[in-house]
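See structure below.
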Amino acid sequence: DGDDTITNFATGSFKSILYDMIGVKMGSLPSSSSSPLPTIPPSCTSFETFHRFVAIASSRAMVLKGRKYLTPLAEMINYAPVTMKQTQQHHQGEHQGGSLDWIRPPFDLYHTFSADDGIAVRSDRDVLLSKDTIDYIHQNTEEAVIQLFEDYGPVDSSLFLEAHGFVPYENPHHCAVISGALLMTNVDGTTSGVAKDDIDLLTRALKALHLIDPRSAGFETLEDVCVRADLSIVEDGSTIGQKPASDSIAMTSLLFGKHTEAIAMKELCVKAIESSDVDRIEVRCARYPESRKVVRNVLRAAASSLIWKYDRSSDEEIALESLISQLQVAEAEGRGGLAVALRFRIEERKLLARIANCVDEVIDSQQLTDSVTMDSLDNIDNKLKDFNTFIQTLALPVNKIEPQLVGNGMRIGVFATHDLNVGDVYVSLPPNAIIDTNTALIDANPSLEQLLRRYSSQRDDGFNAMLIYLIHERFVLGEQSRWWPYLNLLPSIEELRTFHPLYYDEDEVNKHLAGSDVRRYIFRYQRLSSERHASFSSDLEANLVLGSDTLLDKSKFLWASAILDARSIWWNGQRHLVPLLDLVNSDTKGDSHQTRLEGSEEDQGMAVTRVSRQVKKGQQLMENYAQPNYVLFTHHGFVLNDNPNDCALMEGLVLRKDDPGAKLAHLLQSTAPSFCIKDLASVHQLAHFLRVKHGLQLNSEIDDVVRPYLVQVLEERIARLREALNWSIVLEEASARVRFMQQIVKFDLMHFQHALNVHVLSRVEAGV
């Protein structure tokens, strides 16, 4: 297993295994770190023998946590992919079409280290035996009748060919290599005939986005890509907000294309490149409207071109029918190596055909939104009745509110049952009426408690432990949970899809938040949630407690994440879910919402909330969340007009090592800060960063030294936002989420213009 003894004199697990294997073969494995290398006879160092060991280690070693291990018996399990049907066979989720949210079981979930440093191998699929089969096994104890398979992970078939010597008949991770020249369909694979200005523009854009080496002389052709059957590109990776291969193809198609309908978009791209604004270049040249469709069309055309080339080739050896005939002959003659190679070429040809004929799925998101919302409203009254009954069982010391259906985008709100004056307590909740890490540990069974304690020890304000508990109560216990009336009242997965940015498609965000730094902020939020899900999905204990059928369903994980981010209420540095109190909607009046613990330490205190304004009996009670619109939108899915806490998010400014002020980095809280631009104080914070970055004299005034730098960064933001607003079309029938995103762009523009005119240039604004 590549233990420390071997590693001392053979660094790297691959060498460790080779020495281990040779030592065992010769009966001379060293017994301690001080023992000399095993004496290896010349026959073991021949080309054939050495590569035999290399082949064995390459094809049979299991990789866990970056090291290779030879595992007798387990290494004999053959490959077969886990299908999505197998993954979901126990799934009884809420929504149709949920398969899109399932992830394939990670390899290291079913191959883990045990307490004694051994390796435990678990089945990654159900193997169901019929009664007849079981009876047969009992009667024939020495004969196995059902072969066990396992998925080796997201591996392309070329690796199976090279390392294992076989080609799977089915591999969902297989991809077909398509030459970069074929992706330049508009210019026959070369830059011949393309205007030099367009080549120079593309080169500048690719360098700006770090898609080619900034030191390269110029653009010649696109890089080769490996494409899967669903038209996803391996080189794009899986990081949300980053699609390097697709971006390169989209930019090349736009700048080199001759389509008249793309002229306006090409002009915007050219302006973006000339501005040297990286964010603007990305949005206008690589992530423009319909860019994903453009890329998919290019991939389909390239695959079709390859098929056409093969089918009409004078070389009979590459025609599909010829390949199939050659395979039959090779198998009949027992020429295994040739047969494997031919099978690989045949499978690649089949994959190219699937790529060429892949159809884009069209979803009417507006119709889906309307139907889901109406279905939810039909059932809301019964859910409210159950919830109110649940609240009565909690015997709250103070409760002067009740939830009611509101509608108009707010779904449910709370209404005063008494006249309330400023400072009056309107709800008081004991610890047993609150969901937090403490109540979760009290409620948990032993296995869940152990898992919660492991995660609650992390310094994350209780998020991870509460996430586990929320998933367990909602999707594992369901109606058996004591919190069910509350959980059932919360927005469902389908409802969250209609408004919460955690579920938004990248193209939609790129289209409607172009120009705003909130675009990248949302991508970062989505990326963090996806990475957290990937981490949890590989946690064996979490899978055993929650069930893989629940934890591998990303939609459920995102639901719990969104609920915690949207509804958590903080006090004493910890987050809490507070039934009833979290139904209070937000406006911009009064002081910011605050909940405090009041009472003696003996009774652990009550979570008390006081009203911040006068409210008459029967009126909806509202609270001021005191957050800027980009936070409200990202975590709650709405924005507020006339929000006194609003600001324009500014990110992307970085202090680099070669900046004049790099040595003054200690004067900054961060070398890649975020700014909330709304008033003079925020402009001063921006000015201080720019003074440090550019090595300017430090002072607290906005003087003529720093003013040009302020003007530059603010005018850059204003230009990209104006362009976004001029390009976008506001439709009256547009969904609320689209209108909210367009509002954010407008508000950002307003804040940046105000900061430039009033605080930097000292102009008097006639109006906003």
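We're numbering straight along the sequence, starting at 1.
- The distance between the ring centers of Phe536 and Tyr455 falls below 6.0 angstrom.
- Rounding to the nearest 0.5 Å gives a distance of 12.0 Å between NE2 of His576 and CD1 of Ile435.
- Shortest non-hydrogen contact noted between Asp582 and Arg567 is O-NH1, 3.2 Å.
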Please determine whether salt bridge (Lys or Arg N to Asp or Glu O under 4.0 Å) holds for the pair Arg284 and Asp277, giving the CA-CA distance in whole Å, both sets of side-chain angles, and the decisive distance to 0.1 Å. CA-CA 11 Å; Arg284 295 304 168 200; Asp277 182 341; over 6 Å; no

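- Counting heavy atoms of neighbouring residues, nucleotides and ligands inside a 6.0 Å radius, atom CD of Gln242 exceeds 12 of them.
- Side-chain N/O atoms of Asn629 and Gln743 include no donor and acceptor closer than 3.5 Å.
- Without hydrogens or angle criteria, Tyr503 side chain to Ser555 main chain gives a donor-acceptor distance under 3.5 Å.
- Salt-bridge check for Glu723 with Lys271: failed, with every basic side-chain N at 4.0 Å or more from each acidic carboxylate O.
- Note that the OG1 atom of Thr634 and the NE2 atom of His500 stand 8.5 Å from one another [nearest 0.5 Å].
- Across all non-hydrogen atoms, the minimal contact from Asp198 to Lys266 is OD2-NZ, 3.2 Å.
- Enclosure of atom CZ in Arg596 is not indicated, since only 12 or fewer non-hydrogen atoms of other residues, nucleotides or ligands lie within 6.0 angstrom.
- Between the side chains of Thr203 and Asp200, no donor N or O sits under 3.5 Å from an acceptor N or O.
- Annotation: side chain of Leu558 is not in contact with side chain of Leu496 (no heavy-atom distance under 4.5 Å).
- The existence of a salt bridge linking Arg610 and Asp591 is excluded, since no basic side-chain nitrogen approaches an acidic carboxylate oxygen closer than 4.0 Å.
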For Lys554 and Ser530, what are the C-alpha separation, side-chain angles and deciding distance, and is it a side chain to side chain donor-acceptor pair (under 3.5 Å)? CA-CA 8 Å; Lys554 190 175 181 180; Ser530 292; 2.8 Å; yes

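- Electrostatic pairing of Asp748 and Arg720 does not count as a salt bridge here, judged by no charged N lying under 4.0 Å from a carboxylate O.
- Lys243 has no carboxylate O lying under 4.0 Å from a charged side-chain N of Asp507, or vice versa, which leaves the two without a salt bridge.
- With Glu623 contributing its side chain and Ser612 its backbone, the two residues share no donor-acceptor pair below 3.5 Å.
- Closest of all the heavy-atom pairs between Arg575 and Asp436 is O-CB, 3.9 Å.
- A distance of 6.0 Å separates OG in Ser276 from CD1 in Ile281, rounded to the nearest 0.5 Å.
- At a threshold of 4.0 Å, the pair Asp587-Lys589 does not count as salt-bridged, since none of the basic side-chain nitrogens sits closer than that to a carboxylate oxygen.
- When only modelled atom types and interatomic distance are considered, Gln574 and Asp461 share no side-chain donor-acceptor pair under 3.5 Å.
- By the 4.5 Å heavy-atom criterion applied to side chains, His666 and Leu664 are counted as neighbours.
- Under 4.0 Å is where a charged nitrogen must lie from a carboxylate oxygen, and between Arg707 and Asp704 at least one such pair does.
- Counting only heavy atoms from C-beta outward, the side chains of Val615 and Phe415 never approach each other to under 4.5 Å.
- Side-chain atoms of Glu715 never come within 3.5 Å of backbone atoms of Leu756 as a donor-acceptor pair (strictly under, hydrogens ignored).
- Side chain of Asn510 to main chain of Pro289: no donor-acceptor pair is present (N/O by atom type, distance under 3.5 Å, no hydrogens or angles).
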Would you check, one step at a time, whether the test side chain to side chain contact (heavy atoms under 4.5 Å, CB included) holds for Tyr469 with Thr437? CA-CA 8 Å; Tyr469 183 70; Thr437 54; over 6 Å; no

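- Here the straight-line distance linking atom CD of Glu531 with atom OG of Ser238 works out to 8.5 Å at 0.5 Å rounding.
- The minimum heavy-atom distance between Thr588 and Asn624, with the atom names listed, is O-ND2, 3.6 Å.
- The shortest non-hydrogen separation linking Ala626 to Ser592 is CB-CB, 3.4 Å.
- Residue pairs that meet the ring-ring contact (aromatic ring centres under 6.0 Å, His included) test with at least one member in residues 699-720, sequence neighbours left out, are His694-Tyr709.
- For the pair Val278/Leu209, a side-chain contact is recorded, criterion being any heavy-atom separation below 4.5 Å from C-beta on.
- Side-chain atoms of Asp424 never come within 3.5 Å of backbone atoms of Val611 as a donor-acceptor pair (strictly under, hydrogens ignored).
- Using a 4.5 Å cut-off on side-chain heavy atoms (C-beta onward), Asp646 and Pro628 make contact.
- In this pair, Tyr521 and Tyr630 present their aromatic rings perpendicular. The plane angle is above 60°, beyond the 30 to 60° band.
- Atom CG of residue Leu564 and atom CH2 of residue Trp559 lie 8.5 Å apart, to the nearest 0.5 angstrom.
- Contact of the Pro397 side chain with the Met606 side chain is registered, since non-hydrogen atoms from C-beta on lie closer than 4.5 Å.
- Residues forming a salt bridge (charged side-chain N to carboxylate O under 4.0 Å, His left out) with Glu282 (at least two apart in sequence, or on another chain): Arg287, Arg519, Arg520.
- Under 3.5 Å, the side chains of Asn464 and Arg532 contain a donor-acceptor pair of N or O atoms.
- More than 12 heavy-atom neighbours from other residues, nucleotides or ligands sit within 6.0 angstrom of CG on Asp213.
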Checking side chain to side chain contact (heavy atoms under 4.5 Å, CB included) for the pair Gln627/His635: CA distance, chi angles, key distance, verdict? CA-CA 11 Å; Gln627 295 285 356; His635 297 292; over 6 Å; no

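- Judged purely by atom type and a 3.5 angstrom limit, His636 uses its side chain to pair as donor or acceptor with the backbone of Ala566.
- Note: His533 and Phe557 have tilted aromatic rings, judged against thresholds of 30 and 60 degrees for the angle between ring planes.
- Lys693 places a side-chain N or O within donor-acceptor distance of the main-chain N or O of Val654, the cut-off being under 3.5 Å.
- Salt-bridge check for Arg292 with Glu506: failed, with every basic side-chain N at 4.0 Å or more from each acidic carboxylate O.
- Using a 4.5 Å cut-off on side-chain heavy atoms (C-beta onward), Asp565 and Tyr525 make contact.
- Of the possible donor and acceptor atoms, none in the side chain of Arg717 sits under 3.5 Å from a partner among the backbone N and O of Phe752.
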What do the steps show when you test Phe633 against Ile744 for side chain to side chain contact (heavy atoms under 4.5 Å, CB included), and what is the final call? CA-CA 9 Å; Phe633 180 69; Ile744 286 176; 3.6 Å; yes

Evaluation steps, side chain to side chain contact (heavy atoms under 4.5 Å, CB included), between Leu632 and Val639: CA-CA 6 Å; Leu632 292 175; Val639 301; 5.7 Å; no

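- One finds the CD1 atom of Ile434 at 5.5 Å from the CG atom of Leu429 (value rounded to the nearest 0.5 Å).
- Looking at every heavy atom in both residues, Lys678 comes nearest to Ser682 through N-OG, 2.9 Å.
- Using a 4.5 Å heavy-atom cutoff, the side chains of Ser216 and Lys207 are in contact.
- Remark: the Asn699 side chain and the Arg691 side chain contain an N/O donor-acceptor pair separated by less than 3.5 Å.
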